[in-house]
Amino acid sequence: MSMRETTPSKVEVEILQKELHKVGLTCEQTSEKTLQRYIDEIRGQLPTGGTAEVFCIAERVPAASVAPAAAASFIDEVSSYSLEGGTIDSELISGHDGLDSFLGFILKDNPGGQEFVSQIAGVNYGDRDFGQQFAENSPEGVHFLATLAEQNIVPTASGTWAVDDQAGRKTTSDLTELVVAKRWEALNQKKPKSDRATCKKGEQPDKRWGQTGHRKESYTLEGTSADAIKKKYRQLGTNISAAIVEGISKDGIEATLTNQISPLQEESFKSNDYDTRKDGVDREILVCLVRNPNRKTNQGVGILSVTWRLQIKNYKSKKSATRHDASLDFTMRSILYPTVYSSGPEKNMTTVYDQTQDDKKLCPITS
């Protein structure tokens, strides 16, 4: 699984201010000076000492239901392409009429996603003929984004590492499928493999490779809207790190926190309350993790799914002294795959991709 180091996304004042203004928070507490103070405050309160690195940060969204026709056609067609030998003809990608529509659809108003894609594209988003250059530089990278979009997944930030080959892209796609609630729950009911270190691909077919974890947290708060937003960031950062035994690196935590202001929903225009839940569905962040990575090896991979809901009562009141009741709920599911690969005398050639493939077969999603 080939990987390379990347520059992780950071919470930036201008982007955060823009996101807050889009949800109707335009009071003095969203001035650039005040927001920088809030960012520095929360950055200083994030957990430190975590060792798991982040290589893909994304959000599960109902993409197929809202994608423009050209983008939807691109997703359907390109995600079905077979990559012979791990490569794909760039002309198949660059010649598709829906390429620019697809990239615009997943990256519009998504600065963290733009950073992630620019790093795998080898060209900056917004440059002239970006889509064509991306397709020529890395047609497999475009194919990877289409396979994620086919699962209704859109990247939202750049982590500290990125996968750089087809084995890594396939493993990432497997992880995002394995943490889907229905499949994760089915896997969680299975017994784990006995003595994972000596188990090989296909052995103990009725048992799972993945190490599952689950955590729920709820918070209440009485304070200003800014207090509620700050608490969301602080508790989200604390919980995503606490969900994994070894914790997550501080840079990885901050990258996950970028681009996480929920858009204003139509029903919010009809009341003074703010609620991130839409059509009965909560926001879901997906964080792909790697243990002790370098360019060619690692000691395991995994994924953390975080669904969250923030509610603020009477949030439209802009008076500085106004106090609001707020609630914050998190549900976290994780599945981790420590490596068993070994080339010594007791060699075990089972890769992490072999593990995720076995678990997908063990608990298929039939509907």
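The shortest non-hydrogen separation linking Leu145 to Pro155 is CD2-CG, 4.0 Å. Trp184 and Gly213 make their closest contact through CZ2-O, 3.1 Å (heavy atoms, listed as atom of the first residue, atom of the second, distance). Among all heavy-atom pairs drawn from Ala149 and Ile75, the shortest one is CB-CD1, 3.8 Å. Across all their heavy atoms, Thr276 and Arg309 have their closest contact at OG1-CA, 3.3 Å. Counting all heavy atoms, side chain and backbone alike, Gln204 lies closest to Cys199 at NE2-SG, 3.7 Å. Closest approach of Val352 to Gly300, counting heavy atoms only: CG1-CA, 4.3 Å.
Every residue was checked against the side-chain hydrogen bond (donor to acceptor under 3.5 Å, both in side chains) condition with Glu41, not counting sequence neighbours, and none meets it. Residues satisfying the side chain to side chain contact (heavy atoms under 4.5 Å, CB included) test with Thr176, not counting sequence neighbours, are Leu148, Gln151, Ile153, Leu286, Ile303. Every residue two or more places apart in sequence or in another chain that forms a side chain to side chain contact (heavy atoms under 4.5 Å, CB included) with Ser118 is listed here: Asn124, Tyr125. Partners of Asp325 according to the side chain to side chain contact (heavy atoms under 4.5 Å, CB included) rule, which considers only residues two or more places apart in sequence or in another chain, are Glu222, Lys313. A search for salt bridge (charged side-chain N to carboxylate O under 4.0 Å, His left out) contacts involving Asp97 returns nothing, not counting sequence neighbours. With sequence neighbours excluded, no residue forms a ring pair (Phe, Tyr, Trp, His ring centres under 6.0 Å) with Phe116. In this view, Arg215 and Glu217, Asn239 satisfy the side-chain hydrogen bond (donor to acceptor under 3.5 Å, both in side chains) rule, not counting sequence neighbours. Scanning for salt bridge (charged side-chain N to carboxylate O under 4.0 Å, His left out) contacts around Glu177 gives Arg183, Lys360, with sequence neighbours left out. Applying the side-chain hydrogen bond (donor to acceptor under 3.5 Å, both in side chains) criterion to Thr51, with sequence neighbours excluded, gives no partner residue. Under the rule for a side-chain hydrogen bond (donor to acceptor under 3.5 Å, both in side chains), the partners of Gln36 that lie at least two apart in sequence or sit in another chain are Asp40. Taking the ring pair (Phe, Tyr, Trp, His ring centres under 6.0 Å) definition, one finds that Phe74 meets it with His96, Phe102, sequence neighbours left out.
Residue-environment remark: NZ (Lys250) exceeds the threshold of 12 foreign heavy atoms within 6.0 Å. The number of heavy-atom neighbours closer than 6.0 Å to CD of Glu91, taken from other residues, nucleotides and ligands shown, is 12 or below. For Lys216, the NZ atom sits in a loose shell: 12 or fewer heavy atoms of surrounding residues, nucleotides or ligands are nearer than 6.0 Å.
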Practice task
Under the side chain to side chain contact (heavy atoms under 4.5 Å, CB included) rule, what do Arg60 and Val179 come out as? Steps first, then yes or no, please.
Solution key: CA-CA 11 Å; Arg60 202 183 300 275; Val179 82; 3.7 Å; yes
Exercise for the section: Quick one: do Thr297 and Asn294 satisfy side-chain hydrogen bond (donor to acceptor under 3.5 Å, both in side chains)? Show the steps, please. Expected result: CA-CA 6 Å; Thr297 65; Asn294 61 43; 3.1 Å; yes
Exercise for the section: Might you work through the side chain to side chain contact (heavy atoms under 4.5 Å, CB included) test for Val245 and Leu336, ending with a clear yes or no? Expected result: CA-CA 10 Å; Val245 172; Leu336 307 177; over 6 Å; no
Problem - Verdict with supporting geometry, Gln119 and Ser158, side-chain hydrogen bond (donor to acceptor under 3.5 Å, both in side chains) - result: CA-CA 8 Å; Gln119 294 194 65; Ser158 176; 2.7 Å; yes
Practice task
Test side chain to side chain contact (heavy atoms under 4.5 Å, CB included) on Leu46 and Leu257 and set out the steps.
Solution key: CA-CA 11 Å; Leu46 294 178; Leu257 298 182; 3.8 Å; yes
Problem - Step-by-step salt bridge (charged side-chain N to carboxylate O under 4.0 Å, His left out) determination, Lys190 to Asp206 - result: CA-CA 7 Å; Lys190 302 291 184 181; Asp206 59 334; over 6 Å; no
Practice task
Dump the intermediate steps for side chain to side chain contact (heavy atoms under 4.5 Å, CB included) on Ile120 and Phe134, then the final yes or no.
Solution key: CA-CA 8 Å; Ile120 68 172; Phe134 186 4; 4.0 Å; yes
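Interatomic distance, Leu103 CG to Leu99 CG, rounded to the nearest 0.5 Å: 5.0 Å. Atom CD of Glu254 and atom CZ of Arg43 lie 4.0 Å apart (nearest 0.5 Å). Atom CD1 of Ile240 is separated from atom CD1 of Ile253 by 5.0 Å, given to the nearest 0.5 angstrom. Taken to the nearest 0.5 Å, the CG atom of Asp164 stands 6.5 Å off from the CZ atom of Arg169. With rounding to the nearest 0.5 angstrom, the NZ atom of Lys207 is 8.5 Å from the NZ atom of Lys193. Of the inter-residue distances, the one linking Met3 atom CE with Asp165 atom CG reads 9.0 Å to the nearest 0.5 angstrom.
A distance-only check finds a donor-acceptor pair linking the side chain of Gln133 to the backbone of Arg128 [under 3.5 Å]. A side-chain donor-acceptor contact under 3.5 Å links Asn348 to the backbone of Ala197. No donor-acceptor pair under 3.5 Å is formed between the side chain of Lys201 and the backbone N or O of Gln357. A donor-acceptor pair is defined here as one N or O able to donate and one able to accept, closer than 3.5 Å; such a pair exists between the side chain of Gln132 and the backbone of Ser94. Between the side chain of His143 and the backbone N or O of Tyr81 there is at least one donor-acceptor pair closer than 3.5 Å. In this structure, Glu5 contributes its side chain and Thr160 its backbone to no donor-acceptor pair below 3.5 Å.
Sequence neighbours left out, the pairs with a member in residues 327-347 that pass side-chain hydrogen bond (donor to acceptor under 3.5 Å, both in side chains) are Ser218-Asp329, Glu284-Arg333, Ser305-Arg333, Gln311-Ser327, Tyr337-Asp359.
With respect to Thr356, the side chain to side chain contact (heavy atoms under 4.5 Å, CB included) criterion is satisfied by exactly one of Ile335, Leu175, Thr351, Thr172: Leu175.
Using a cutoff of 4.0 Å between basic side-chain nitrogens and carboxylate oxygens, Glu246 and Arg291 are scored as salt-bridged. The existence of a salt bridge linking Lys10 and Asp251 is confirmed by a sub-4.0 Å separation between a basic side-chain nitrogen and an acidic carboxylate oxygen.
Contact of the Val180 side chain with the Ile365 side chain is registered, since non-hydrogen atoms from C-beta on lie closer than 4.5 Å. Residues Ser138 and Phe144 form no side-chain contact, since every pair of their non-hydrogen atoms from C-beta on lies 4.5 Å or further apart. Taking 4.5 Å as the limit, some side-chain heavy atom of Met1 sits within range of a side-chain heavy atom of Asn298.
Cluster annotation: Leu310 is connected to Ile39 through the hydrophobic network of ILVMFWY side chains, with a link wherever side-chain heavy atoms come within less than 4.5 Å.
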